[in-house]
Number of protein chains: 2
Amino acid sequence: MSDIETPIKQPITGHDIEELETIELLFFAYRDFISDPDRILQNLGFGRAHHRTLYFVSRNPGMTVAELLSILKITKQSLARVLRQLIDSNYILQTEGKNDRRKRLLFVTEKGKDLVLALSQPQSNRIQNAFEATKPEAREQIIEFLNTMIGSQK
Amino acid sequence: MSDIETPIKQPITGHDIEELETIELLFFAYRDFISDPDRILQNLGFGRAHHRTLYFVSRNPGMTVAELLSILKITKQSLARVLRQLIDSNYILQTEGKNDRRKRLLFVTEKGKDLVLALSQPQSNRIQNAFEATKPEAREQIIEFLNTMIGSQK
DNA sequence: AAACTATGTCAGTAGTGTTGACATAGTTTT
DNA sequence: AAAACTATGTCAACACTACTGACATAGTTT
């Protein structure tokens with residue numbers, strides 16, 4: 001029982017030390033990557049969810065609410081507030097589907113497009129700098145690495 | 001004025017299209033990367049903040065609360081709740097600093113170590129798979145890429 | 001007409017984060 | 001020794017993002 005309260009004084013490590021260090025790297029990289037647009041969003045009273053929504057709609061004009069939900073992997077109720085705010089403040093607009101009038105097709109407005117570009121700019125710059133710090137041949141490999149990180153694990 | 005309500009029907013793009021695509025890739029990669037341990041945490045009633053706390057303490061045994069705060073970049077009050085829960089449920093323990101008795105040195109317990117390893121395992125596997133999908137020479141470049149992503153932007 | 005689909009909304013709750021204020025113990029400076 | 005500073009902890013109030021479950025409406029498919 002004293003066993004349970006013994007402090008482990010050595011850093012956790014193991015055979016997969018390189019992977020552990022990469023976990024850390026990913027945490028820091030993502031934290032800082034996301035911090036750039038956060039500052040802009042704060043002035044607008046928006047959060048990260050607004051950013052993501054705006055981003056994916058801008059990249060997939062005319063996408064439906066259901067498609068957006070499946071990309072973001074959040075619930076309808078979580079998206080609802082965010083989407084409402086973006087529509088009410090004229091960053092996004094909805095049109096009825098032509099074939100299926102139940103569907104709401106999502107588009108960014110000019111205002112929305114401007115915001116997306118402003119939000120993405122610091123992130124683009126950050127990525128560009130990071131690409132420039134590596135060999136040109138490495139880009140493809142980095143993209144491959146990230147692609148393999150995606151999806152459910154076998 | 002009708003201008004403001006014009007839907008933008010073309011996907012946002014630009015000269016930095018590769019960077020835009022990488023933004024997306026990073027979003028998906030991080031989302032899925034973090035989803036593995038999320039499932040384990042849920043069963044314990046913990047969240048991501050618990051994971052991060054446990055992780056950094058395990059990697060830096062004897063770190064102080066202040067050091068942990070500056071790594072996580074959150075406020076003392078945010079950490080307090082999480083740290084209290086981890087201490088109360090015996091995953092982390094505190095000892096007084098030897099030189100400075102105001103400081104609280106943080107350690108994981110055996111129980112804490114076991115949990116960290118369980119949480120990190122799927123992430124390690126994911127990273128390992130991703131590394132294996134790339135050329136061996138690319139590892140170094142990927143790490144360099146991630147490192148350059150970190151920090152405040154010039 | 002019935003069943004299903006896409007979307008929207010209501011109410012309640014959880015986790016993580018914030019700010020500001022204040023308390024206590026211990027250390028450093030004067 | 002008193003004053004100032006530091007490390008930590010805690011209280012209250014609040015914001016954002018997510019969740020679940022239930023229900024409503026309009027439109028489509030069977």
Side-chain angles (χ1 to χ4, degrees), chain A residues 27 30-31 34-35 37-57 62-89 92-107, chain B residues 27 30-31 34-35 37-57 62-89 92-107:
Chain A
F27 167 72
Y30 197 76
R31 182 196 61 181
I34 211 69
S35 75
D38 271 3
R39 280 183 285 273
I40 301 172
L41 291 162
Q42 205 171 2
N43 298 329
L44 297 169
F46 288 163
R48 290 175 188 176
H50 298 84
H51 184 189
R52 291 195 290 265
T53 300
L54 217 38
Y55 178 83
F56 284 110
V57 171
M63 75 190 309
T64 65
V65 172
E67 282 163 358
L68 185 51
L69 285 175
S70 79
I71 283 187
L72 297 175
K73 284 196 188 156
I74 58 174
T75 57
K76 193 172 41 161
Q77 298 79 353
S78 293
L79 179 60
R81 245 173 319 214
V82 165
L83 198 50
R84 184 103 316 274
Q85 287 176 283
L86 288 170
I87 291 167
D88 289 348
S89 49
I92 283 182
L93 58 84
Q94 290 179 317
T95 65
E96 260 187 1
K98 282 165 196 158
N99 301 328
D100 188 337
R101 280 174 42 235
R102 289 171 306 179
K103 291 188 180 170
R104 298 284 171 272
L105 310 186
L106 303 171
F107 298 90
Chain B
F27 167 72
Y30 196 76
R31 181 198 61 183
I34 212 67
S35 75
D38 271 3
R39 281 184 283 274
I40 302 172
L41 289 163
Q42 207 171 359
N43 299 329
L44 297 168
F46 289 161
R48 289 175 190 177
H50 299 84
H51 183 189
R52 292 195 289 264
T53 299
L54 216 40
Y55 178 83
F56 285 110
V57 171
M63 77 190 308
T64 64
V65 173
E67 283 163 358
L68 185 52
L69 285 174
S70 78
I71 284 185
L72 297 175
K73 285 197 186 155
I74 57 173
T75 57
K76 192 171 43 161
Q77 296 80 350
S78 293
L79 179 59
R81 250 175 315 213
V82 166
L83 199 50
R84 184 103 316 273
Q85 287 175 283
L86 288 169
I87 290 167
D88 288 349
S89 48
I92 282 182
L93 59 83
Q94 291 180 317
T95 65
E96 262 187 0
K98 281 166 197 158
N99 301 329
D100 187 339
R101 283 173 40 235
R102 288 170 306 181
K103 292 186 178 169
R104 298 285 171 272
L105 310 187
L106 303 171
F107 297 90

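Each chain gets a letter, A, B and so on, in the order the sequences are listed, and its residues count up from 1. All figures in this text were calculated on a predicted structure; none of them were measured in a lab.
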Quiz item: Any donor and acceptor pair, going by atom type alone, linking the side chain of B:S78 with main-chain N or O of B:I74 inside 3.5 Å?
Solution: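 Checking the backbone N and O of B:I74 against the side chain of B:S78, no donor-acceptor pair under 3.5 Å is found.
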Separation of [N] [atom2] from [X] [atom1] (nearest whole Å):
X: A:L69; N: D:dA18; atom1: CG; atom2: P; value: 11 Å
X: B:E96; N: C:dT27; atom1: CD; atom2: P; value: 8 Å
X: B:L41; N: D:dA18; atom1: CG; atom2: C1'; value: 15 Å
X: B:N43; N: C:dG15; atom1: CG; atom2: P; value: 13 Å
X: B:I74; N: C:dT19; atom1: CD1; atom2: P; value: 12 Å
X: B:N99; N: C:dT28; atom1: CG; atom2: C1'; value: 15 Å
X: B:D100; N: C:dT29; atom1: CG; atom2: P; value: 12 Å
X: B:L83; N: C:dG15; atom1: CG; atom2: P; value: 17 Å

Quiz prompt | Residue whose nearest DNA chain C nucleotide is more 5′ - A:K103 or A:A80 | solution =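 Nearer the 5' end of the strand: A:K103.
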Quiz item: Would you say the base of C:dG8 and the side-chain of A:K76 have a donor-acceptor pair closer than 3.5 Å?
Solution: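 A donor-acceptor contact between them is present.
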Practice problem: Hey, which sits more toward the 5' end of DNA chain D by its nearest nucleotide, A:L79 or B:L105? | Solution: B:L105
Exercise. Nearest-nucleotide wise, let me know which of A:K98 and A:G47 is further upstream toward the 5' end of DNA chain D.
Key: A:G47
For [N], give the paired nucleotide (Watson-Crick: N1-N3 plus N6-O4 or O6-N4; G-U: N1-O2 and O6-N3; both under 3.5 Å), or none.
N: D:dA1; value: C:dT30
N: D:dC11; value: C:dG20
N: D:dT17; value: C:dA14
N: D:dT30; value: C:dA1

So does [X] get a side-chain nitrogen or oxygen closer than 4.0 Å to the phosphate oxygens (OP1/OP2) of [N]?
X: B:Q94; N: D:dG9; value: yes
X: A:R102; N: C:dT5; value: no
X: A:H50; N: D:dT17; value: yes
X: A:S78; N: D:dC19; value: yes
X: A:R52; N: D:dA18; value: yes
X: B:R104; N: C:dG26; value: no
X: A:T75; N: D:dA18; value: no
X: A:R84; N: C:dT9; value: yes

Quiz prompt | Parallel, tilted or perpendicular, as decided by the 30° and 60° cut-offs, for the rings of A:Y55 and A:H51 | solution =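 A:H51 vs A:Y55 ring planes: perpendicular.
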Which one, [options], comes nearest to the side chain of [X]?
X: B:Q77; options: C:dT16, D:dT8, D:dC11; value: D:dC11
X: A:R81; options: D:dT8, D:dA18, D:dG27; value: D:dA18
X: A:V82; options: D:dT17, D:dT10, C:dG8; value: D:dT17

Exercise. Provide the closest heavy-atom pair for B:T64 versus B:K103 in the form atom of the first, atom of the second, distance.
Key: CG2-CD, 3.7 Å
Quiz item: Nearest heavy-atom pair of B:R52 and A:F27: which atoms, and what distance?
Solution: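 Result for this residue pair: CD-CE1, 3.0 Å.
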Quiz item: If you round to the nearest 0.5 Å, how far is CZ of B:F46 from OG1 of B:T53?
Solution: 10.0 Å
Quiz item: Distance from A:I34 atom CD1 to B:Y30 atom OH, nearest 0.5 Å?
Solution: 9.5 Å
Practice problem: Just call it for B:D38: base, sugar-phosphate, or nothing, with non-hydrogen atoms closer than 4.0 Å on any strand. | Solution: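 No contact at all - B:D38 keeps every heavy atom at 4.0 Å or more from the nucleic acid.
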Exercise. Using a heavy-atom cut-off of under 4.0 Å over every strand shown, decide if A:R48 touches base, sugar-phosphate, or nothing.
Key: sugar-phosphate
Self-check item: Residue pair A:L44 / A:H50, side-chain heavy-atom distance below 4.5 Å
Solution: no
